[in-house]
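Comments concern the structure below.
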Amino acid sequence: MTLRSSILLHLLPLLLLASSGGAMFFYPTPQASLLEHLLVDHGGARAANFSAAVTPLHQLRDRGRRAWLRVAFHDFITADTTAAAGGGVTTGGIDASIGFETGRAENKGSAFNDSLTFWRPFVNEYVSMSDLIALGTVMSVHLCGGKAIPYRPGRVDALHADPTTGVPEPETGVDETLDEFGRAGFNKQDAIALTACGHTLGSVHHGGFPEVVGPEAVTPNNTNGGANFDSTRGAFDPLVVHEYIDATGSRGGALVTSFNETARSDLRLYESDGNRTMRGLYNMTAEAFQDTCAGLLGRMIDTVPSGVRLGDVIAPMSIKPVNVTWDFDGATGGLVLSGNIRSGKGHTAYGDSDTYFYPFAIPGSAIADATSFTVAGDSLTAQTFPITRQGQPFLVPRMSTATGSSTSFTVASAADSGLEEGMTVEVTAPVEQPLTLAPKVVTAVVNLTMTEDVKPGFRFWKGSYDVHQQVTGAIGLTLTQGGEALDHLLLGAGLAGW
Ligand code: HEM
Ligand SMILES: *[C@@H]1O[C@H](CO)[C@@H](O)[C@H](O)[C@H]1NC(C)=O
Ligand SMILES: *[C@@H]1O[C@H](CO)[C@@H](O)[C@H](O)[C@H]1NC(C)=O
Ligand SMILES: *[C@@H]1O[C@H](CO)[C@@H](O)[C@H](O)[C@H]1NC(C)=O
Ligand SMILES: *[C@@H]1O[C@H](CO)[C@@H](O)[C@H](O)[C@H]1NC(C)=O
Ligand SMILES: *[C@@H]1O[C@H](CO)[C@@H](O)[C@H](O)[C@H]1NC(C)=O
Ligand SMILES: *[C@@H]1O[C@H](CO)[C@@H](O)[C@H](O)[C@H]1NC(C)=O
Ligand SMILES: *[C@@H]1O[C@H](CO)[C@@H](O)[C@H](O)[C@H]1NC(C)=O
Ligand SMILES: *[C@@H]1O[C@H](CO)[C@@H](O)[C@H](O)[C@H]1NC(C)=O
């Protein structure tokens, strides 16, 4: 888009306060913008509800959040990459099929459905459950002190259970365990290191695994009988390796020391190369341990079925326009460009500082020909963002709603533009599906009807749609014309509070 005419926004002092409904312009794309929000906005008034569950991880009641890493492991490990080497396809991996597999003994316990229940409201057209499973790993690791694992979006949710079974369990023999890792593309050394990385967080619980942890672990302070893998349960650090090699503290945890020899799966795995990999992890710097884990966990979350193409790594944006949209002002009825500009204290990694939002609203009459706006401010490098030219067809946030399974929406365009030929609105909705808590996204194309509504200089079209199913998250509207998307709007985010 050209910069023929550009608006300059100065962040400080603050611009006018405006309330804004939906979100028309997403930078750089709806998917990257939404997921970046979850990755980055942990602090400040507009923090994503997602992170409320992850921070602070050191609190005792946050067991559920550590489980996120384990959920990703169980979803991933049924990947079959063996055919891919010979030109065949990879199946499984991070595809949210775990949601259909909670009845399998290898996935026993409530951790899987508990996590899916938490993530469910965030799923929509742009955000798959499998992207959230991967995001859960990135966030747990980073917020517990590990490295920022590069995060790519674009995973696609399976619509059925993975036919491949086989998640290592405490009693699984080491050969079978290594076969399962090998099938997923991880050799012996990878398998040992990945398991040590995973088992630096959390515990084995008597409640779920009485054959591993005895009843003596249950105390008034520890009603689930959690036996920690290392002495820093909530810290992503190399301590589990040190305590294993040095036989101090938790000595590697219950899967090493269990009273039940059959259930000492970590000991068998760690000893499968005579402790060589564990000694290597022991002898590297803490920094190198973090790099090793970030690399392996990155490979884990990027293991996806052939045909799924992951997008570019999502990097924290230093300046991010949010909810920028054309709309009609509630009070004056006039056209207005409004939104929020987010800035933080320098985003070196995901969510390392609070983010702040500066609302703005500019009357359309003041910016007749603008095709972009530029954000500048003290100690900021100015950045320019494209917008559609005033008067081009757009979904009007104030005249569009979603309630339950229904949505009705309004499109406005300049009365004299003549640009409306063949416009339709694609409606997407995440809905409940049987046998899993991961929603499925359904789509419908809706024709628009011209209305009698008038505002000076504008014409209006309306449409509505009822999904007739239980909607679980935000409804997406995309205004299209000849296969091209002209505008996007997300409605009814509910609990997720996008
Ligand atoms: C030989 C392979 C593995 C076996 C047999 C195994 C088994 C287990 C078991 C039995 C638990 C206890 C669950 C509970 O009581 O709630 C556990 C916890 C955990 N596992 Fe593994 N695991 C393996 C590999 C991995 C890997 C590769 C990762 C991650 C990359 C991982 C991440 C975790 C985490 C984070 C927990 C703690 C969950 C919590 O505190 O609620 N595990 N694992
Ligand atoms: C953007 O709009 C959504 C939906 O109205 C709202 O929940 C969210 O708080 C807004 N975010 C910002 C930063 O204005
Ligand atoms: C040890 O674990 C195995 C496998 O889970 C189980 O079958 C066996 O009953 C356990 N033994 C004891 C004493 O708990
Ligand atoms: C159990 O909790 C109480 C109160 O928080 C604390 O004083 C006590 O030291 C704890 N006991 C153990 C064994 O952790
Ligand atoms: C591996 O290391 C553990 C912990 O130090 C030790 O108990 C075990 O004997 C070692 N096994 C081998 C085969 O070296
Ligand atoms: C670590 O490296 C040092 C020096 O090479 C060696 O002496 C020591 O045995 C190693 N430790 C382990 C646990 O492998
Ligand atoms: C998890 O939820 C699904 C969908 O509601 C259900 O079919 C399944 O039985 C649940 N699994 C467990 C272990 O509760
Ligand atoms: C929408 O319009 C197209 C083209 O005019 C037409 O073929 C189609 O049947 C219409 N759909 C509905 C649901 O009315
Ligand atoms: C955030 O999520 C919790 C439940 O996890 C919910 O009770 C709360 O209403 C949500 N907040 C917003 C702003 O949606």
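Indexing begins at 1, ligand by ligand and atom by atom, following the structure's order.
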Is the shortest N/O to N/O distance between N260 and ligand 3 below 3.5 Å? yes

Ring center gap for F458 and F328 short of 6.0 angstrom: yes

Contacting atoms of ligand 2, where contact means under 4.0 angstrom from a heavy atom of N340: 12 (C), 14 (O)

Look only at interatomic distance and state if W498 has a nitrogen or oxygen under 3.5 Å from any nitrogen or oxygen of ligand 2. no

For atom 4 (C) of ligand 3, grab the closest protein heavy atom and report residue, atom and distance to one decimal in Å. E171 CB, 3.5 Å

For F76 together with F181, are the ring centres under 6.0 Å from each other? no

Close-contact set for ligand 2 against V322 heavy atoms, below 4.0 Å: 13 (C)

Classify the angle between the aromatic ring planes of W326 and F394 as parallel (below 30°), tilted (30 to 60°) or perpendicular (above 60°). tilted

Heavy-atom contacts with F259 under 4.0 Å: which atoms of ligand 3 show up? List them by number with element. 13 (C), 14 (O)

Enumerate the atoms of ligand 6 whose separation from the nearest heavy atom of N283 is less than 4.0 angstrom. 1 (C), 2 (O), 3 (C), 8 (C), 10 (C), 11 (N), 12 (C), 14 (O)

In terms of relative ring orientation, are Y126 and H488 parallel, tilted or perpendicular, with 30° and 60° separating the classes? perpendicular

With heavy-atom distances below 4.0 Å as the criterion, list the atoms of ligand 2 near F357. 13 (C)

Donor-acceptor side-chain pairing of Y244 and N275 below 3.5 angstrom: yes

Does the protein put a heavy atom less than 4.0 Å from atom 2 (O) of ligand 6? yes

Please name the pair of heavy atoms, one in V212 and one in A263, separated by the smallest distance, quoted to 0.1 Å. CG2-CB, 3.8 Å

Atom 6 (C) of ligand 2: of D41, T355, N323, L491, the nearest heavy atom sits on N323

Can you confirm whether something in the protein, heavy atoms only, sits under 4.0 Å from atom 9 (O) of ligand 6? no

Atom 14 (O) of ligand 6: the protein heavy-atom neighbour that sits closest, reported with distance to 0.1 Å: R279 CD, 3.0 Å

